[in-house]
Enquirer: 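Structure below; questions to follow.
All ligand and atom numbering here is 1-based and tracks the order in the structure. Because the structure is a prediction, the values reported are computed rather than measured.
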Amino acid sequence: MTAGIPAYLDYCASAPIKRGVWEVTSALMRQTGNASSVHGFGRSQRQRVDMAREEFARRFGVKSSQVIFTSGATESNNTILKAFPDYPVIVSSIEHPSILNVAPEAAQIRVNRDGRVDLNHLEHLLQVLPQPALVCLMLVNNETGVIQPVMEAAKLCKNYGALLHCDAVAAVGRMLFNFNELGADSLSLCAHKIGGPQGAGALILRAGLTIRPFIRGGGQEMHRRAGTENVAAIAGFSEALRFVDEDLERGPLWLSWRESFESMIMQAAPEAVIFGQGTARVPTISAIAMPGVSHEMQLMAFDLEGFAVSAGSACSSGKIQPSHVLNAMGTGPLAGETIRVSFGWATRKEELENFASSWISVYRRQRPAKVA
Ligand code: PMP
């Protein structure tokens with residue numbers, strides 16, 4: 001913490017808007033006009049939406065007709081799950097609630113102790129369920145940062161005639177990937193995890209995949225998503241996408257920062273657990289268990305010390321539930337003793353080092369016998 005300003009280490013919940021994005025978005029919020037209107041005001045708004053769609057098409061190597069703008073990844077995920085009502089659904093047990101809560105009956109793919117999905121179990125489920133099925137597997141888990149074997153899963157799905165939907169929210173700007181090489185049939189994206197505004201998302205469809213709309217009304221988004229386009233947010237989202245290369249270039253530096261703060265913690269408290277350490281993770285997420293200290297206690301302590309971090313998912317009563325992701329990984333009580341640190345472009349190395357020092361002093365206070 002510096003001079004009373006809390007260190008924001010919760011980029012996976014929502015990341016700070018990037019400067020160029022703010023300029024584009026705020027300027028467009030002053031513009032009048034509905035992108036569907038035929039007059040000049042409307043045509044100018046339409047042009048901004050078209051430009052944004054072109055940017056997405058270029059970035060993901062698809063045609064602009066394969067890009068649907070939505071209100072966020074929650075809507076993108078809901079759209080896919082509602083698009084194939086007759087398909088049996090298979091989801092990984094570590095998906096975001098915008099998948100899990102929409103498909104409560106779905107068969108769940110197991111993950112191993114490192115939080116990586118078990119492809120043998122996916123294949124087994126593909127064998128026992130009638131085909132075609134709809135499979136949902138995220139590219140990066142937003143709680144642990146663990147990279148999932150989406151390309152291999154897509155090959156399996158193809159062999160069995162199933163569709164594969166991939167939630168790539170936590171991957172964009174954190175790892176390089178190519179939509180066409182990934183082999184997924186659809187991809188969910190959201191703006192506010194890459195420095196764009198909140199309330200903008202996208203769904204990218206494989207060429208030739210048609211879906212029935214989830215939100216019905218007007219003919220926007222080529223009749224696949226009704227509702228007046230949020231032009232300012234869409235343009236801001238595409239602007240944020242232009243900065244993604246900068247973030248990818250900083251990946252190795254961010255990785256070295258994470259390694260250094262994780263090793264500070266592990267040296268002081270060898271019984272601490274960092275989840276997913278044995279497998280590939282994106283550089284900007286760390287899920288750390290403080291054995292014997294509840295995540296509620298940790299969140300309060302870190303908040304007082306000036307660090308914004310998170311744990312599990314906050315339910316409507318404000319009580320924090322143990323993380324379903326860590327539960328799926330078989331972590332036992334550590335699921336309720338873990339907090340997530342996630343960082344990015346506005347983070348400074350000292351903030352992470354200060355967090356590690358704070359972590360050690362919180363642990364020392366809570367479990368004095370454990371720390372020298
Ligand atoms: N999927 C993942 C992996 C996420 O982290 C989030 C945001 N927490 C979502 C989906 C939902 O995105 P949005 O906030 O745009 O609805």
Enquirer: Within the structure provided, determine whether Val21 and Phe243 are in side-chain contact (heavy-atom separation under 4.5 Å).
Expert: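 Of all side-chain heavy-atom pairs linking Phe243 with Val21, at least one is under 4.5 Å.
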Enquirer: Distance to 0.1 Å, residue and atom name: give those for the protein heavy atom nearest to atom 4 (C) of ligand 1.
Expert: His96 CD2, 3.4 Å
Enquirer: Under 4.0 angstrom from ligand 1, any heavy atom of Gln198?
Expert: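 Judged by the 4.0 Å heavy-atom criterion, Gln198 does not count as contacting ligand 1.
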Enquirer: Report yes if the side chains of Glu95 and Asn77 come closer than 4.5 Å at any heavy-atom pair, otherwise no.
Expert: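 Contact flag for Glu95/Asn77 side chains = no.
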Enquirer: Give the atoms of ligand 1, by number and element, whose distance to some non-hydrogen atom of Asn142 is under 4.0 Å.
Expert: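 Those atoms are 3 (C), 5 (O).
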Enquirer: For atom 8 (N) of ligand 1, find the nearest protein heavy atom and state the residue, atom name and distance (0.1 Å precision).
Expert: Lys193 NZ, 2.8 Å
Enquirer: Which atoms of ligand 1 sit under 4.0 Å from any heavy atom of Ser98?
Expert: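 Answer for ligand 1: 10 (C).
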Enquirer: Would you call Glu152 and Lys155 a salt bridge, taking side-chain N to carboxylate O under 4.0 Å as the test?
Expert: no
Enquirer: If you count the atoms of ligand 1 from 1 in the order shown, which ones are under 4.0 Å from a heavy atom of His192?
Expert: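 Those qualifying, in numeric order: 13 (P), 14 (O), 15 (O).
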Enquirer: Applying salt bridge (charged side-chain N to carboxylate O under 4.0 Å, His left out), can you list everything that pairs with Arg48, at least two apart in sequence or on another chain?
Expert: none
Enquirer: How close does the nearest protein non-hydrogen atom get to atom 15 (O) of ligand 1, and which residue and atom is it?
Expert: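 Of the protein heavy atoms, Ala73 N, 2.9 Å lies nearest.
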Enquirer: By number and element, which atoms of ligand 1 are closer than 4.0 Å to a non-hydrogen atom of Cys190?
Expert: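 Going through ligand 1 atom by atom, the ones under 4.0 Å from Cys190 are 15 (O).
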Enquirer: Heavy-atom contacts with Asp167 under 4.0 Å: which atoms of ligand 1 show up? List them by number with element.
Expert: 1 (N), 2 (C), 3 (C), 10 (C)
Enquirer: Considering the heavy atoms of Met138, write down every atom of ligand 1 situated less than 4.0 Å from one of them.
Expert: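 That gives atoms 3 (C) of ligand 1.
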Enquirer: One thing to verify: whether Lys82 and Glu75 come together as a salt bridge, which I'm taking to mean a side-chain N less than 4.0 angstrom from a carboxylate O.
Expert: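 Here Glu75 does not pair with Lys82 in a salt bridge, since their nearest N and O are not under 4.0 Å apart.
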Enquirer: Enumerate the atoms of ligand 1 whose separation from the nearest heavy atom of Gly72 is less than 4.0 angstrom.
Expert: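 By the 4.0 Å cutoff, the relevant atoms are 15 (O).
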Enquirer: What residues form a side chain to side chain donor-acceptor pair (under 3.5 Å) with Glu123, not counting sequence neighbours?
Expert: Tyr160
Enquirer: Among all the protein's non-hydrogen atoms, which is closest to atom 16 (O) of ligand 1, and how far away is it?
Expert: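 Going by distance alone, atom 16 (O) of ligand 1 is nearest to Thr74 OG1, 2.6 Å.
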Enquirer: Search all heavy atoms of His324 against all heavy atoms of Pro97 and return the closest pair with its distance.
Expert: CE1-CD, 4.4 Å
